Amino acid sequence: YSKPGRKTSSLKLEPPFFASFCSPPRIKDEPDDDGFYASPKEDSKPLKRPREDDDFKTFFEEKGNIVACSDRFLLILQDSKAKKAKSKDKKVPEADKRKKPKKEEEQKWKWWEEERYPEGIKWKFLEHKGPVFAPPYEPLPENVKFYYDGKVMKLSTKAEEVATFFAKMLDHEYTTKEIFRKNFFKDWRKEMTSEEKSTITNLSKCDFTHMSQYFKAQSEARKQMSKEEKQKIKEENERLLKEYGYCVMDNHKERIANFKIEPPGLFRGRGNHPKMGMLKRRIMPEDIIINCSKDSKIPPPPPGHKWKEVRHDNKVTWLVSWTENIQGSIKYIMLNPSSRIKGEKDWQKYETARRLKKCVDKIRNQYREDWKSKEMKVRQRAVALYFIDKLALRAGNEKEEGETADTVGCCSLRVEHIKLHPELDGQEYVVEFDFLGKDSIRYYNKVPVEKRVFKNLQLFMENKQPEDDLFDRLNTSILNKHLQDLMEGLTAKVFRTYNASITLQQQLKELTNPDDNIPAKILSYNRANRAVAILCNHQRAPPKTFEKSMMNLQSKIDAKKEQLADARRELKSAKADAKVRRDEKSKKTVESKKKAVQRIEEQLMKLEVQATDREENKQIALGTSKLNYLDPRISVAWCKKWGIPIEKIYNKTQREKFAWAIDMAEEDYEF
DNA sequence: GTAGTTACTTAGTACATTTTCC
DNA sequence: GGAAAATGTACTAAGTAACTAC
């Protein structure tokens with residue numbers, strides 16, 4: 001196994017392989033600098049660079065500067081005028097060439113300028129080094145004891161390992177939960193020797209505190225490590241990343257998202273999960289399926305081991321997979337969001353959402369009509385779709401009962417999840433939603449709906465028990481089939497993407513004040529972002545330090561208020577003074593005091609805005625929508641329009657993920 | 001229709017690292 | 001310079017949705 005510092009012969013870097021990373025066998029020219037960008041005199045040249053594989057060319061048909069792809073996904077080309085400006089920009093500062101960073105910048109592969117593979121084919125060549133396994137278990141030192149029923153007990157290695165998983169969680173509330181303890185104990189006993197099994201019959205008699213203290217001391221020691229030691233660990237991680245963190249896919253070196261196999265431990269699902277506490281077992285090479293090219297260097301399994309299977313399936317994007325033992329689901333190793341394969345898909349997602357924009361009015365009219373249908377199924381479908389559209393609810397697939405936490409989405413809503421109020425707080429036809437959604441995050445909302453929707457809901461709830469399905473004639477499959485008929489590629493989740501992106505665009509238009517300075521504009525951006533996060537119900541647990549940092553801010557505000565009061569008093573007395581004295585000097589004093597008051601008022605306002613901003617953000621997570629729902633081109637265009645550096649909106653990782661958008665969107669981009 | 005399987009996106013949390021503040 | 005706060009990253013769970021076989 002590839003535990004740090006335990007390099008075995010088979011894991012040694014073999015020069016030919018590594019060399020293939022630096023210059024893979026079939027590598028074509030990396031985006032070569034100025035050469036490719038349409039230079040001013042090359043206006044008519046198509047901007048899409050074809051893939052070099054001729055056999056794929058036939059799938060594409062060029063129409064002016066729009067390329068129609070086999071999957072009808074339109075690749076809209078960049079505005080050539082903008083390109084011109086860009087290539088000019090690139091050439092002008094020839095004199096002040098900052099060599100290094102520029103060179104690196106130019107080496108970034110612009111996959112979005114190339115043609116895409118036909119539907120279904122994900123790659124033509126794939127080579128990687130396989131996964132990194134979890135480090136093997138290191139038994140506890142002799143002096144760390146486990147006690148059963150008050151007596152010291154030496155555990156077998158296997159039993160001890162599982163015991164340490166529990167010991168490490170001792171401070172968590174869930175080790176006190178009945179289900180967690182029951183599941184853990186059941187699985188732990190499976191790892192025990194028959195002797196241990198006969199002795200250890202009651203979890204409550206187990207004393208893990210010594211073990212727990214030992215781990216706490218360990219992590220404390222880790223924090224106290226010297227700089228050199230920390231540096232060493234860092235370098236080791238970098239080495240691992242360099243060796244296993246990349247693959248070669250179609251002539252390009254691409255970053256892998258999760259090249260480390262998940263280590264064993266105790267499963268903790270989110271919310272009230274029936275399987276919490278179960279043992280997540282150690283993954284062995286024998287569990288692993290490797291996916292790569294036939295003609296690539298196939299990663300060798302660790303010595304003495306075999307892979308479960310090696311396959312060569314270029315219809316999928318994963319490099320490694322295994323079946324996990326808690327739910328029996330498949331886990332994958334895939335590429336980073338900055339990779340071509342993820343980026344293209346992401347881009348395509350937003351293009352689908354933009355296509356929805358064009359027909360959303362028609363679809364809305366349609367489902368409003370369907371509220372009157374004589375078919376129950378159609379009515380349910382129409383009301384569900386209304387919720388998905390208006391409230392950005394998730395589709396709501398069915399789940400196997402008892403296998404996961406009890407959470408729902410739109411199609412799986414039950415009668416108990418909504419309350420109907422013919423009138424509430426002066427509003428008519430209010431629906432009160434209260435249910436647990438994905439990750440057991442509560443969705444609570446009171447929404448006035450149209451009368452027809454309300455009446456339909458009353459109808460759907462007639463003669464039903466609270467635990468009955470609200471939409472008993474509907475599921476996600478039916479709904480998505482219908483959506484497919486309305487627009488190619490339309491599914492329930494497209495509405496979330498569409499509504500999130502369109503909301504951002506509209507909010508940015510509304511909130512951005514051209515006269516504001518950059519920080520104020522960024523605040524507006526965050527507010528627009530927040531509107532989306534609220535729409536999508538992206539919540540977070542308030543940070544542990546939230547109350548404290550809020551209090552700090554409040555005391556700053558209080559101090560500023562006092563300062564303001566003082567300044568005002570001084571201004572007042574200065575004014576009185578000036579009235580009496582009527583000389584230039586005292587007039588000047590009044591002016592300067594006035595300015596001081598103004599300055600402090602401004603500072604106070606800023607602090608108060610900051611406080612509001614933070615308070616509003618207490619339970620709202622902006623990251624998820626930014627990363628998954630907001631067409632990055634909207635943000636890029638906004639930045640360009642107002643001269644905001646993109647770094648203020650996207651950090652490094654995000655800029656890598658959205659490189660395509662940053663490169664192609666101009667300030668006039670419209671979602 | 002439905003149940004099972006597979007592949008892929010979306011999600012929040014814990015921990016690590018960087019920045020800010022005093 | 002060190003603590004605290006803010007920000008970034010790794011991790012992996014939990015969704016969506018397509019497909020297959022009956």
Side-chain angles (χ1 to χ4, degrees), chain A residues 120 122 134 169 172 219 222-223 230 233-234 237 241 245 257-263 265 267-271 273 275-276 280 289 291 313 315-318 321 323-324 326-337 341-342 345-346 348-349 377 388 393-400 403-405 407-412 436-441 473 475-481 483-484 489-497 500 533 536-546 548-550 552-553 556 614 617 619-629 650-654:
Chain A
K122 304 297 170 64
M169 293 180 151
H172 276 283
S219 79
R222 227 169 299 135
K223 275 184 208 150
K230 282 184 181 166
I233 290 173
K234 207 176 156 190
N237 284 336
L241 174 70
N258 55 326
F259 57 93
K260 287 179 186 158
I261 298 276
E262 297 171 18
F267 176 81
R268 177 42 168 129
R270 315 262 167 90
H273 198 116
K275 299 196 169 186
M276 64 169 90
K280 210 169 92 162
I289 302 174
N291 191 34
D313 182 358
K315 309 276 193 298
V316 296
T317 67
W318 54 268
S321 76
T323 302
E324 150 269 2
I326 304 290
Q327 324 268 2
S329 66
I330 308 169
K331 301 253 182 169
Y332 302 93
I333 291 183
M334 291 184 194
L335 297 193
N336 203 53
I341 213 159
K342 293 289 184 189
K345 202 74 188 298
D346 205 37
Q348 185 176 22
K349 173 180 79 186
K377 186 180 148 183
I388 284 171
L393 299 191
R394 294 188 185 82
N397 281 322
E398 282 119 303
K399 306 165 70 184
E400 220 179 315
E403 293 291 301
T404 55
T407 61
V408 298
C410 186
C411 293
S412 48
L436 297 182
K438 183 176 179 182
D439 295 310
S440 293
I441 297 291
R473 308 282 173 88
N475 60 38
T476 54
S477 169
I478 295 171
L479 179 65
N480 280 335
K481 269 196 196 106
L483 292 176
Q484 199 60 238
L490 187 62
T491 63
K493 86 188 188 82
V494 179
F495 281 89
R496 254 167 100 79
T497 312
C536 294
N537 201 39
H538 289 141
Q539 297 192 31
R540 62 168 182 175
K544 275 181 209 125
T545 53
F546 186 85
K548 212 174 127 203
S549 87
M550 213 58 211
N552 285 347
L553 194 56
K556 263 192 201 169
R614 201 181 295 178
N617 239 11
Q619 297 192 70
I620 297 173
L622 300 185
T624 304
S625 48
K626 206 184 219 180
L627 230 46
N628 299 303
Y629 289 103
Y650 291 135
N651 67 32
K652 186 163 163 283
T653 322
Q654 294 164 337

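Just so it is clear, the model here is predicted, and its values are computed rather than measured. All chains are named by letter (A, B, ...) in the order of the sequence lines, taking the proteins before the strands, and each is independently numbered beginning at 1.
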| message | If you count heavy atoms of other groups shown closer than 6.0 angstrom to NZ of A:Lys481, is the number above 12? | response | no
| So does A:Lys260 get a side-chain nitrogen or oxygen closer than 4.0 Å to the phosphate oxygens (OP1/OP2) of C:dA10? | no
| task | Select base, sugar-phosphate, or nothing to describe what A:Lys234 touches, counting heavy atoms under 4.0 Å on all strands. | result | nothing
| query | What's the NZ-P distance between A:Lys652 and B:dT19, to the nearest Å? | reply | 13 Å
| task | Look at A:His273 and C:dA13 and indicate whether a side-chain polar atom (N or O) is within less than 4.0 Å of OP1 or OP2. | result | no
| task | Report the residue (A:Asn651 or A:Thr404) whose heavy-atom-nearest nucleotide on DNA chain C is the more 5′ of the two. | result | A:Asn651
| said: Just to verify, which of A:Leu335, A:Asn291, A:Ile341 counts as forming a side-chain contact (heavy atoms from CB on, under 4.5 Å) with A:Thr317? | reply: A:Ile341
| remark: Among the nucleotides B:dT10, C:dA18, C:dC11, whichever has the atom closest to the side chain of A:Lys493 is B:dT10
| When the nearest nucleotide of DNA chain B is assigned to A:Ile330 and to A:Lys438 on a heavy-atom basis, which residue is associated with the more 5' position? | A:Ile330
| Within less than 4.0 Å of OP1 or OP2 of C:dT16, is there a side-chain N or O belonging to A:Thr491? | no
| task | Check every strand shown and say whether A:Ala492 touches a base, only sugar-phosphate, or nothing at a heavy-atom separation below 4.0 Å. | result | sugar-phosphate
| task | Could you tell me whether A:Asn397 contacts a base, only the sugar-phosphate backbone, or nothing, with contacts defined as non-hydrogen atoms closer than 4.0 Å? | result | base
| query | If you look at every strand shown and take non-hydrogen atoms under 4.0 Å, does A:Ser321 touch a base, only sugar-phosphate, or nothing? | reply | nothing
| task | May I have the distance from A:Arg268 (atom CZ) to C:dA14 (atom C1'), rounded to whole angstrom? | result | 14 Å
| Is A:Lys342 side chain donor-acceptor paired with the B:dT9 base, going by distance under 3.5 Å alone? | no
| message | Closer than 3.5 angstrom, by distance alone: can the side chain of A:Asp439 be matched with the main-chain N or O of A:Ile441 as a donor-acceptor pair? | response | no
| field | Whole-Å distance separating the CG atom of A:Leu483 from the P atom of C:dA17 | value | 9 Å
| Of the listed nucleotides B:dA11, C:dA17, B:dT13, the one nearest the side chain of A:Asn480 | C:dA17
| Phosphate OP1/OP2 of B:dG12 contacted by A:Thr624 side-chain N/O (<4.0 Å) | yes
| A:Tyr332 side chain: which of B:dT10, C:dA13, B:dT6 is closest? | B:dT6
| field | Atom-pair distance (CG on A:Asn336; P on C:dT9), nearest Å | value | 11 Å
| Residue closer to the 5' end of DNA chain B, A:Trp318 versus A:Arg222 (nearest nucleotide) | A:Trp318
| said: Heavy atoms only, 4.0 Å cut-off, all strands: where does A:Ser477 land among base, sugar-phosphate and nothing? | reply: nothing
| Do the ring planes of A:His273 and A:Phe267 sit parallel (below 30°), tilted (30 to 60°) or perpendicular (above 60°)? | perpendicular
| said: So, does A:Lys122 get its side chain near the phosphate of B:dC8, meaning an N or O under 4.0 Å from OP1 or OP2? | reply: yes
| query | For A:Met334 and C:dC11, what is the distance between atoms CE and C1' respectively, to the nearest whole Å? | reply | 15 Å
| request: Describe the nucleic acid contact of A:Arg270 in one word from base, sugar-phosphate, nothing, applying a heavy-atom distance below 4.0 Å. | output: base
| Contact class for A:Pro337 vs. all strands (heavy atom < 4.0 Å): base, sugar-phosphate, or nothing? | nothing
| query | Which nucleotide in the set C:dT12, B:dT10, B:dA7 lies at the smallest distance from any side-chain heavy atom of A:Lys331? | reply | C:dT12
| said: What contact category does A:Arg473 fall into here, base, sugar-phosphate, or nothing, at under 4.0 angstrom with non-hydrogen atoms? | reply: nothing
| said: With a 4.0 Å limit, can you tell me whether A:Tyr629 has a side-chain N or O closer than that to the phosphate oxygens OP1/OP2 of B:dT9? | reply: no
| message | Need one value for A:Gly409: base, sugar-phosphate or nothing, where a base atom within 4.0 Å counts as base even if backbone is also close, heavy atoms only. | response | nothing
| request: Give the rounded distance in Å between these two atoms: CD1 of A:Ile341 and P of B:dT9. | output: 9 Å
| message | At 4.0 Å (heavy atoms only), tell me whether A:Gly396 reaches a base, stays on the sugar-phosphate, or touches nothing. | response | sugar-phosphate
| Distance check: side-chain N/O of A:Arg496 vs OP1/OP2 of B:dT9, anything under 4.0 Å? | no
| task | Choose from C:dT12, C:dC11, C:dA18 the nucleotide whose nearest atom is closest to any side-chain atom of A:Lys280. | result | C:dT12
| Atom-pair distance (CG on A:Leu436; C1' on C:dA13), nearest Å | 16 Å
| Phosphate-side-chain proximity, A:Lys345 and B:dA7, N/O vs OP1/OP2 below 4.0 Å | no
| said: Rounding to an integer number of Å, can you tell me how far A:Ile441 CD1 sits from C:dA13 P? | reply: 16 Å
| Which value, rounded to the nearest 0.5 Å, describes the distance between A:Gln327 atom CD and A:Thr404 atom OG1? | 7.0 Å
| query | Reckon A:Ala621 touches a base, only the sugar-phosphate, or nothing at all at heavy-atom distances under 4.0 Å? | reply | nothing
| field | Euclidean distance, A:Lys275 NZ relative to A:Glu403 CD, rounded to 0.5 Å | value | 3.5 Å
| field | A:Asp439 side chain, from C-beta outward: closest of B:dT13, C:dG15, C:dA14 | value | C:dA14
| field | OP1 or OP2 of C:dA14 under 4.0 Å from side-chain N/O of A:Gln327 | value | yes
| task | Determine, step by step, whether A:Thr407 and A:Lys399 satisfy the side chain to side chain donor-acceptor pair (under 3.5 Å) criterion, reporting the C-alpha distance in whole Å, the side-chain angles of both residues, the deciding distance to 0.1 Å, and the verdict. | result | CA-CA 9 Å; A:Thr407 61; A:Lys399 306 165 70 184; 2.5 Å; yes
| Sidechain-backbone polar pair: A:Asn628 side chain, A:Thr624 backbone, donor-acceptor under 3.5 Å | yes
| Between A:Thr476 and A:Glu324, which is nearer to the 5' end of DNA chain C once each is assigned its nearest nucleotide? | A:Glu324
